[in-house]
Amino acid sequence: MAIPPDGESEVLRRRMIDEQIVARGLRHPDVLNAIRSVPRELFVPSDRQGEAYEDRALPIGHGQTISQPFIVAYMTEHLAVTSRCRVLEIGTGSGYQTAILARLAGTVASVERIDALRHQAARQITALGIENVTLYAGDGSIGLPDLAPFDRILVTAAAPKVPVALTQQLAPGGRMLIPVGGSKEQRLQRVDRLEHRTIETPLLACRFVKLLGTGGWKR
Ligand code: SAH
């Protein structure tokens with residue numbers, strides 16, 4: 001199916017926000033505005049554009065998925081991103097979540113291990129005129145030590161446990177969200193870094209593709 005014409009895309013987006021996000025209790029105006037400003041159909045494969053505003057994850061090729069809109073909204077709200085934040089995202093995928101983070105953050109560094117996905121994400125982020133995002137290739141499970149610390153870290157692939165390298169790259173007062181658990185089902189964990197310790201808080205149950213690499217699954 002083709003990209004919906006401009007006006008229609010906006011109508012679909014408003015409906016998605018009302019029915020899938022606000023109706024489930026997420027109300028932060030900055031987060032809703034950020035989501036309203038990013039056409040989701042740009043980040044799904046061309047033969048899936050008619051499904052872009054449906055209430056579920058969609059395949060984006062290479063065995064990966066673009067997350068369900070509610071999950072994107074939930075993670076964004078719970079990450080509590082402000083314009084002063086330097087954000088690290090692991091698992092660029094389609095780049096949809098990246099674009100939404102970019103609307104709220106000072107800067108976003110995002111790491112993706114599959115080059116084809118990174119290239120495609122880069123095209124769409126550039127097309128939207130977003131300039132505060134840098135995309136990196138490689139194993140994000142070890143973070144980006146040369147650029148650390150980060151105020152916020154969002155991991156959008158599931159790990160067997162919280163990778164130590166990522167916790168170490170959180171600034172004091174910083175926060176990370178990461179799905180942790182088995183390969184089929186996980187729980188989103190919030191990790192808050194205080195001066196000398198971290199606090200882990202379990203959030204909702206979720207289902208993400210695997211974080212592969214040194215701090216994730218080996219295969
Ligand atoms: N937020 C993205 C989610 C994509 S799925 C979206 O909504 O489109 C998770 C992504 O994490 C996949 O693209 C996968 O290739 C990537 N990934 C998995 N392990 C990774 C690693 N160690 N480093 C970087 N990216 C990784």
Side-chain angles (χ1 to χ4, degrees), residues 16 20-21 31 34-35 38-45 48-49 51-79 81 87-105 108-125 128 130 133-145 147 150 152-166 169 176-181 183-184 186 188 206-219:
M16 171 187 87
Q20 303 175 30
I21 297 170
V31 173
I35 293 172
V38 179
R40 195 163 189 269
E41 69 273 14
L42 298 181
F43 295 90
V44 305
R48 292 269 184 181
Q49 278 167 353
E51 299 163 69
Y53 293 97
E54 291 186 6
D55 189 14
R56 59 193 170 93
L58 292 172
I60 53 171
H62 308 274
Q64 309 304 319
T65 54
I66 177 174
S67 299
Q68 181 192 16
F70 170 73
I71 289 289
V72 172
Y74 184 94
M75 292 193 299
T76 307
E77 180 156 316
H78 284 259
L79 200 60
V81 180
V87 179
L88 171 64
E89 180 191 40
I90 311 301
T92 315
S94 66
Y96 178 64
Q97 172 80 74
T98 321
I100 290 168
L101 290 173
R103 299 289 200 216
L104 296 162
V108 181
S110 183
V111 189
E112 172 56 55
R113 59 182 287 279
I114 300 175
D115 287 338
L117 290 177
R118 180 172 48 86
H119 292 312
Q120 178 63 16
R123 272 194 288 279
Q124 302 311 333
I125 286 167
L128 287 176
I130 293 170
V133 167
T134 312
L135 300 183
Y136 295 86
D139 177 8
S141 72
I142 57 168
L144 289 175
L147 299 180
F150 296 94
R152 300 290 184 267
I153 300 178
L154 179 60
V155 185
T156 67
K161 55 187 176 53
V162 179
V164 178
L166 295 184
Q169 289 172 39
M176 165 161 59
L177 292 186
I178 177 170
V180 178
S183 60
K184 295 275 185 283
Q186 309 93 28
L188 193 64
C206 55
R207 199 171 177 169
F208 280 82
V209 297
K210 282 182 181 175
L211 180 75
L212 291 171
T214 306
W217 297 89
K218 301 306 168 228
R219 65 193 172 89

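When a ligand or atom number is given, it counts from 1 through the structure's own listing order.
Contacts of Lys210 with ligand 1, taken as heavy-atom pairs under 4.0 Å, involve the backbone alone. Of the heavy atoms in Asp139, both backbone and side-chain atoms come closer than 4.0 Å to ligand 1. Counting heavy atoms under 4.0 Å from ligand 1, residue Ile114 touches it through the side chain alone. Contact annotation: for Arg113 versus ligand 1, heavy atoms closer than 4.0 Å belong to both the backbone and the side chain. Heavy atoms of Val72 found under 4.0 angstrom from ligand 1: none, in either backbone or side chain. Contacts of Glu112 with ligand 1, taken as heavy-atom pairs under 4.0 Å, involve both backbone and side chain.
Put simply, the side chain of Lys161 never gets that close to the backbone of Val180: no donor and acceptor are under 3.5 Å apart. In this structure, Gln120 contributes its side chain and Gly93 its backbone to no donor-acceptor pair below 3.5 Å. Between the side chain of Ser94 and the backbone N or O of Tyr96 there is at least one donor-acceptor pair closer than 3.5 Å. A donor-acceptor pair is defined here as one N or O able to donate and one able to accept, closer than 3.5 Å; such a pair exists between the side chain of Gln169 and the backbone of Leu144. A side-chain donor-acceptor contact under 3.5 Å links Ser141 to the backbone of Thr214. With Gln64 contributing its side chain and His62 its backbone, the two residues share a donor-acceptor pair below 3.5 Å. Remark: the backbone N or O of Leu135 is not paired with any side-chain donor or acceptor of Arg118 at under 3.5 angstrom.
In this structure, the protein non-hydrogen atom closest to atom 11 (O) of ligand 1 is Gly91 CA, 3.2 Å. Nearest protein neighbour of atom 12 (C) of ligand 1, counting heavy atoms only, is Gln64 OE1, 3.2 Å. Counting only heavy atoms of the protein, atom 4 (C) of ligand 1 lies nearest to Thr65 O, 3.0 Å. Here the heavy atom of the protein found nearest to atom 6 (C) of ligand 1 is Ser94 OG, 3.6 Å. Scanning the protein for heavy atoms near atom 7 (O) of ligand 1, the closest one is Ser67 N, 3.1 Å. The shortest contact between atom 23 (N) of ligand 1 and any protein heavy atom is with Gly140 N, 2.7 Å. For atom 22 (N) of ligand 1, the nearest non-hydrogen atom of the protein is Leu212 O, 2.4 Å.
If you number the atoms of ligand 1 from 1 as listed, the ones under 4.0 Å from a heavy atom of Val111 come out as 24 (C), 25 (N). If you number the atoms of ligand 1 from 1 as listed, the ones under 4.0 Å from a heavy atom of Leu117 come out as 13 (O). Every atom of ligand 1 with a heavy atom of Ile66 under 4.0 Å away is listed here by number and element: 6 (C), 7 (O), 8 (O). Atom numbering of ligand 1 starts at 1 in the shown order; those under 4.0 Å from a heavy atom of Gly138 are 23 (N), 24 (C). Close approach of ligand 1 to Gln97 is summarised as follows: ligand atoms under 4.0 Å from at least one heavy atom of the residue are 1 (N). The distance from ligand 1 to the heavy atoms of Ser141 drops below 4.0 Å at these ligand atoms: 22 (N). Heavy-atom proximity to Val209, at under 4.0 Å, picks out these atoms of ligand 1: 5 (S), 9 (C).
Under the ring pair (Phe, Tyr, Trp, His ring centres under 6.0 Å) criterion, Tyr74 pairs with Phe70, His78, not counting sequence neighbours. Partners of Phe208 by ring pair (Phe, Tyr, Trp, His ring centres under 6.0 Å), not counting sequence neighbours: none found.
The environment of Lys218 atom NZ is dense: over 12 non-hydrogen atoms of other residues, nucleotides or ligands sit within 6.0 angstrom.
Between Ala157 and ligand 1, a contact under 3.5 Å exists for no N or O pair. Polar contact check, Thr156 against ligand 1: a nitrogen or oxygen pair lies under 3.5 Å apart.
Residues Thr156 and Gln97 bring no donor and acceptor atom of their side chains to less than 3.5 Å of each other. Side chains of Glu112 and Thr92: no donor on one and acceptor on the other come within 3.5 Å.
The closest approach between Thr92 and ligand 1 falls below 4.0 Å for a heavy atom of the residue.
Among Ile100, Ile66, Val72, the single residue meeting the side-chain contact (heavy atoms from CB on, under 4.5 Å) criterion with Arg40 is Ile66.
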Practice item. Verify salt bridge (charged side-chain N to carboxylate O under 4.0 Å, His left out) between Glu41 and Arg48, making sure each step is shown before the conclusion. Key: CA-CA 8 Å; Glu41 69 273 14; Arg48 292 269 184 181; over 6 Å; no
